[in-house]
Protein chains: 2
Amino acid sequence: MATRVLLVDDHALVRDGLRRSLEAHKIHVVGEAGDGAAALRLVAELDPDVVLMDVSLPDMDGVAVTKQLAGAHPELPVVMLTMYGDQATIGEAIAAGAAAYVVKDCTTAEIVAVIDEVAAGETALSPALAQTMLRAARRGGEAILSAREREVLQLIAEGSSTTEVAARLYITPKTTKNHLASIYQKLEATDRTQAVLQGLRKGIIRLR
Amino acid sequence: MATRVLLVDDHALVRDGLRRSLEAHKIHVVGEAGDGAAALRLVAELDPDVVLMDVSLPDMDGVAVTKQLAGAHPELPVVMLTMYGDQATIGEAIAAGAAAYVVKDCTTAEIVAVIDEVAAGETALSPALAQTMLRAARRGGEAILSAREREVLQLIAEGSSTTEVAARLYITPKTTKNHLASIYQKLEATDRTQAVLQGLRKGIIRLR
DNA sequence: AGTGATTTGAGTCGTTCGACCTATCGATCT
DNA sequence: AGATCGATAGGTCGAACGACTCAAATCACT
């Protein structure tokens, strides 16, 4: 029988297109959600086999939704969809319990294959998924920040000053500045503005 | 007869879905392009009635492609598609010669209506298009910067320091700082990083 | 004619930033 | 066991930044 999928994406146009693409490949889309709250509600209501979820949602983070789903329905595989090969989010998504991670410029056939695989119970370690992840990770270079550095940069991007970042991370302003210095090196930036912009371009951090 | 459309979007998945959505509404998709160069080539080759183009493309800007198309094929209406209601890009797109501007969270029916309208020769002044533009412009408030202030902020966002901005605009660094000060006031920012981020959110400037 | 916004320019003052250097501690890798 | 890396923290120093106030010229709209 056909795999029953719940679509989560904030753009109605994308959802509609995705639904038609999937249904043309004999995948049954049982519901659509435009935000995280609707997604959580519909999962409980419709009990899909797989959730296909975009990372960027209006109300909450796709990663946050995935985390909640993983808690409430550990058996339900979540496939994360994203625009860009976004190393930071890949890691977070996997940690949150996503079963797979797909970039939006793969073909419909590829995503169908991934959906079928995770529906069959395969994990992120399956060859095809590893390939997808590699493809995602390959574009965008390497230049990866450490977890702490990402935190610092994200807070800066949210408008915090060095001192505020320090307070929120329970470290001294000095340490914050040190982290920033190594962020500048890794991102080839000379100041916080450029660092934030680079982080945005590389998908290391997100605009909130 | 059906309207013949050329799809331009860098994500294969989105293109595929869009094609199916449009064809379900009796719109004929004659071709797909994943980047600006392919778009220009296919327009010459396929002579579509309408081009449906995403703003973000890998090789060149959707706006830049539109500008070239407007030069080479003044009669060909271009409908710009975007993720966000982005006032800056709307203005640029219209200036570049786009016939319409649609946000990706409208329904398929709406975009079909827009495509049919522009195919019929209507311009951006048609009621439906004005409505679409209003919807796009509504989100994000007003808080508009002056032309000069936008220039300054855009250059800052491109990584220029105060002195570099001054040099590129042929003004003194002091004046640049004064512009920045009033930008901070208008955007409720306290430093350049926050100002750039606010500008990005409000669509006043663009990530390049 | 006058009001207001924009653009340009300037000064001062205290704060913050970023570059460069050193150092300790723990985890991970070889 | 030794090496490497990340996170923590400290210091110095000059440059840049942002807040505040002021002023003149231009242009548009009334």
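In what follows, chains are A, B, ... by sequence order, proteins preceding strands, each numbered from 1. Being a predicted model, the structure only gives us computed values, none of them experimental.
- Taking the screw axis at each terminus of the helix from C/dA1-D/dT30 to C/dT30-D/dA1 from five consecutive base pairs, the angle between the two is 60° to within rounding of 10 degrees.
- In this view, B/E188 satisfies the salt bridge (Lys or Arg N to Asp or Glu O under 4.0 Å) rule with no residue, not counting sequence neighbours.
- Rounded to whole Å, the distance from CG on A/D191 to P on C/dA19 is 8 Å.
- The shortest side-chain heavy-atom distance between B/V65 and B/V8 does not fall under the 4.5 Å cut-off.
- For A/Y184 and C/dG18, the shortest distance from a side-chain N or O to OP1 or OP2 is below 4.0 Å.
- Distance CD (B/E188) to P (D/dA19): 13 Å, rounded to an integer number of Å.
- For the pair A/K186 NZ and C/dG18 P, the computed distance is 17 Å after rounding to whole Å.
- Between the CG atom of B/L169 and the OG1 atom of B/T175 there is a distance of 10.0 Å, given to the nearest 0.5 Å.
- Under the rule for a salt bridge (Lys or Arg N to Asp or Glu O under 4.0 Å), the partners of A/E151 that lie at least two apart in sequence or sit in another chain are A/R148.
- Taking each heavy atom of B/P173 and B/T163 in turn, the nearest pair found is CG-CG2, 4.5 Å.
- Separating the CG atom of B/L180 from the C1' atom of D/dA19 is a distance of 13 Å, rounded to the nearest angstrom.
- Scored by the salt bridge (Lys or Arg N to Asp or Glu O under 4.0 Å) test, A/D116 finds no partners at all (sequence neighbours excluded).
- For the pair A/E149 CD and D/dC5 C1', the computed distance is 11 Å after rounding to whole Å.
- Of the residues in residues 151-168 of chain A, those lying under 4.0 Å from DNA chain C by heavy-atom distance are A/T162.
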- Task: Check the pair B/D49 / B/T3 against side-chain hydrogen bond (donor to acceptor under 3.5 Å, both in side chains), numbers first and verdict last.
- Result: CA-CA 6 Å; B/D49 299 326; B/T3 311; 5.3 Å; no

Below 3.5 Å is the cut-off: list the nitrogen or oxygen pairs between protein and nucleotides 23-29 of chain C, distance only.
none

- Contact letters for nucleotides 8-13 of chain D, in which S counts primed atoms plus P, OP1 and OP2 and B counts the base, heavy atoms under 4.0 Å: BBBB--

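- Contact annotation for A/S182: no contact, since no heavy-atom pair falls under 4.0 Å across all strands.
- Considering only residues two or more places apart in sequence or on other chains, B/H25 meets the side chain to side chain contact (heavy atoms under 4.5 Å, CB included) condition with A/R20, B/T108, B/V112.
- Judged purely by atom type and a 3.5 angstrom limit, A/R4 has no side-chain atom pairing as donor or acceptor with the backbone of A/V30.
- Under the rule for a salt bridge (Lys or Arg N to Asp or Glu O under 4.0 Å), A/R192 has no partner lying at least two apart in sequence or in another chain.
- A straight line from CG of B/L187 to C1' of D/dG18 spans 15 Å, rounded to a whole angstrom.
- Residues passing the side chain to side chain contact (heavy atoms under 4.5 Å, CB included) test with B/K177 are B/T162, B/K174, sequence neighbours excluded.
- By the side chain to side chain donor-acceptor pair (under 3.5 Å) test, A/D47 pairs with no residue at all, sequence neighbours left out.
- With sequence neighbours left out, the side chain to side chain contact (heavy atoms under 4.5 Å, CB included) criterion links B/S160 to B/L155, B/E164, B/V165, B/R168.
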